[in-house]
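The structure under discussion appears below in the form of structure tokens.
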Number of protein chains: 2
Amino acid sequence: MDQPHRIVAELIKIAEHADAFRHGSEDFYGPLNLTEVHCIHWIGILDHANVTKVSNEMGMTRGAISKICKKLLQKQLIESYQEPENNKNIYFRVADGGKDIFEAHKVTHNQKFGEKINIVKKYDADEQAVILRFLMDINGLVESSLEKIYATPSDVD
Amino acid sequence: MDQPHRIVAELIKIAEHADAFRHGSEDFYGPLNLTEVHCIHWIGILDHANVTKVSNEMGMTRGAISKICKKLLQKQLIESYQEPENNKNIYFRVADGGKDIFEAHKVTHNQKFGEKINIVKKYDADEQAVILRFLMDINGLVESSLEKIYATPSDVD
DNA sequence: TCCTTTTTGTTGACAAGGAAACAATCGTGC
DNA sequence: GCACGATTGTTTCCTTGTCAACAAAAAGGA
């Protein structure tokens, strides 16, 4: 296998293990799964987090997030509140019972992020420039694929 | 955002769109979804394909593949056969009704693969070497995460 | 041979998440 | 003010896939 093929093979390998790459072995919080932990994460990060905002951040439907938040509310890991000027929107914040999870997740998340940064820093500036250019090229390809998926039939030739 | 952070951001972006990266906008075969098409793919590729082999290739459980093959059999896109010396194992091959799908998928798959190779070939040998080394570093990190996941006792309740 | 362990494929119960329909509320235009 | 489209959150139905239990056959081992 020549170098270009090996590179593509490595890329495919990363994509195959995308979940592991994004989240590593982070997160074993007893009965909570990864999605629920990330939901807590975004509720803790966002100002005035609501179902719609969290669903956008997590790339999931409002229906899915609504169900998850319902569970987290029942477990008292988050709590909801409203503002007097708006009687429709429902906001969430991390409740006392969920603070430990939020903090623990933040620690492991930052640690995982640091590991990735450390790998990158082993390369000098010129090498990093090559890597960055390459990754942007690859993402360009991915984005053009996404456009095709979301394009209306009339746009496709 | 400095260069290392931009690189990690691009990597995360690839991981977020891992499905699009792996399969692009390939595959709109009417009532068949991507998984079913890939199942046909592997049944066509593998010699004496059976539920176990296909499940290994696709990283899914035997139960899932068994159900998919059941559907594909009903639609007469694949057909099953056995060998006289073994009365337990059930093998599959692509049936006439599935040959078009298999071939069409092969074409788009090869095209997608070619696009990736072409991106890589825009870089000279030295640059490719840097890229390959970097990707292998990243995959090393991913693999160590996987080991941790599978080494963790899941006796949490 | 006979008995045990492994492998293979199937099934049912279950959970996660999407799609779409829905009600309630908001906000803008008039 | 009022009407109407847009947003928001929820729920129901459906699909997908995992897990665990299972039966049948195979593969070894004494």
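In the text below, chain A, chain B and the rest are named by the order of the sequence lines, each starting its count at 1.
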Between the protein and nucleotides 26-28 of chain D, list every N/O to N/O distance that falls short of 3.5 Å.
unit_1 : atom_1 : unit_2 : atom_2 : d
D:dA26 : OP1    : B:N87  : N      : 2.6

- [ ] Kindly indicate whether the side chain of B:L77, heavy atoms from C-beta on, has any atom under 4.5 Å from the side chain of B:L32.
- [x] yes

Task: Which atom of B:E36 lies closest to which atom of B:P31, heavy atoms considered - done: OE1-O, 4.0 Å

Task: First and last nucleotide of DNA chain C, 5' to 3', lying under 4.0 Å from heavy atoms of chain A - done: C:dA16 to C:dC26

- [ ] Output the distance between atom CD1 (A:I68) and atom CD1 (A:I78), rounded to the nearest 0.5 Å.
- [x] 10.0 Å

Open item on the list: Quick check: do A:E115 and B:L141 have side-chain heavy atoms less than 4.5 Å from each other?
Closed with: yes

Task: Whole angstrom value for the distance that separates C1' of D:dT7 from OH of A:Y91 - done: 12 Å

Task: With A:F92, the side-chain contact (heavy atoms from CB on, under 4.5 Å) member among A:L73, A:L72, A:V54 - done: A:L73

Task: Close side-chain approach of A:K53 to A:W42, heavy-atom, < 4.5 Å - done: no

Task: Proximity to DNA chain D (any heavy atom under 4.0 Å), residues of residues 67-77 of chain A only - done: A:K67, A:K70

- [ ] Kindly state which residues belonging to residues 46-61 of chain A come within less than 4.0 angstrom of DNA chain D, counting heavy atoms of the residue only, listed by number.
- [x] A:N50, A:V51, A:T52

- [ ] Nearest 0.5 Å please: distance from the NZ atom of B:K106 over to the CZ atom of B:F113.
- [x] 15.0 Å

TODO: Starting from the 5' end of DNA chain C, give me the residue, A:N33 or A:G63, whose nearest nucleotide shows up first.
DONE: A:N33

- [ ] Inspect the contact between B:E16 and B:K13 and indicate whether a charged nitrogen and a carboxylate oxygen are less than 4.0 angstrom apart.
- [x] no

Tell me which donor-acceptor pairs under 3.5 Å the side chains of residues 124-139 of chain B have, and how far apart each pair is, sequence neighbours excluded?
unit_1 : atom_1 : unit_2 : atom_2 : d
B:D124 : OD1    : B:D126 : N      : 3.1
B:D124 : OD1    : B:E127 : N      : 2.9
B:E127 : OE1    : B:D124 : N      : 3.0
B:E127 : OE2    : A:R133 : NH2    : 3.1
B:Q128 : NE2    : B:V120 : O      : 3.3
B:Q128 : NE2    : B:Y123 : O      : 2.8
B:R133 : NH2    : A:E127 : OE2    : 3.1
B:D137 : OD2    : A:K122 : NZ     : 3.3
B:D137 : OD2    : A:Y123 : OH     : 2.9
B:N139 : ND2    : A:E10  : O      : 3.1
B:N139 : ND2    : A:E10  : OE1    : 2.6

Open item on the list: Out of the candidates A:H105, A:H41, A:H38, only one should pair with A:H23 under the ring pair (Phe, Tyr, Trp, His ring centres under 6.0 Å) rule; please name it.
Closed with: A:H38

Task: Upstream residue (5' side of DNA chain D) when B:A64 and A:S66 are each assigned their closest nucleotide - done: A:S66

Open item on the list: Within the supplied structure, the quantity of interest is the number of heavy atoms (other residues, nucleotides, ligands) at a distance under 6.0 Å from B:K121 NZ; does it exceed 12?
Closed with: no

Task: Pairs where residues 80-104 of chain B contributes a residue and the test side-chain hydrogen bond (donor to acceptor under 3.5 Å, both in side chains) is met, not counting sequence neighbours - done: B:H48-B:E83, B:E79-B:R93, B:D96-B:K99

Open item on the list: Any heavy-atom pair between the side chains of A:M60 and A:T35 that's under 4.5 Å?
Closed with: yes

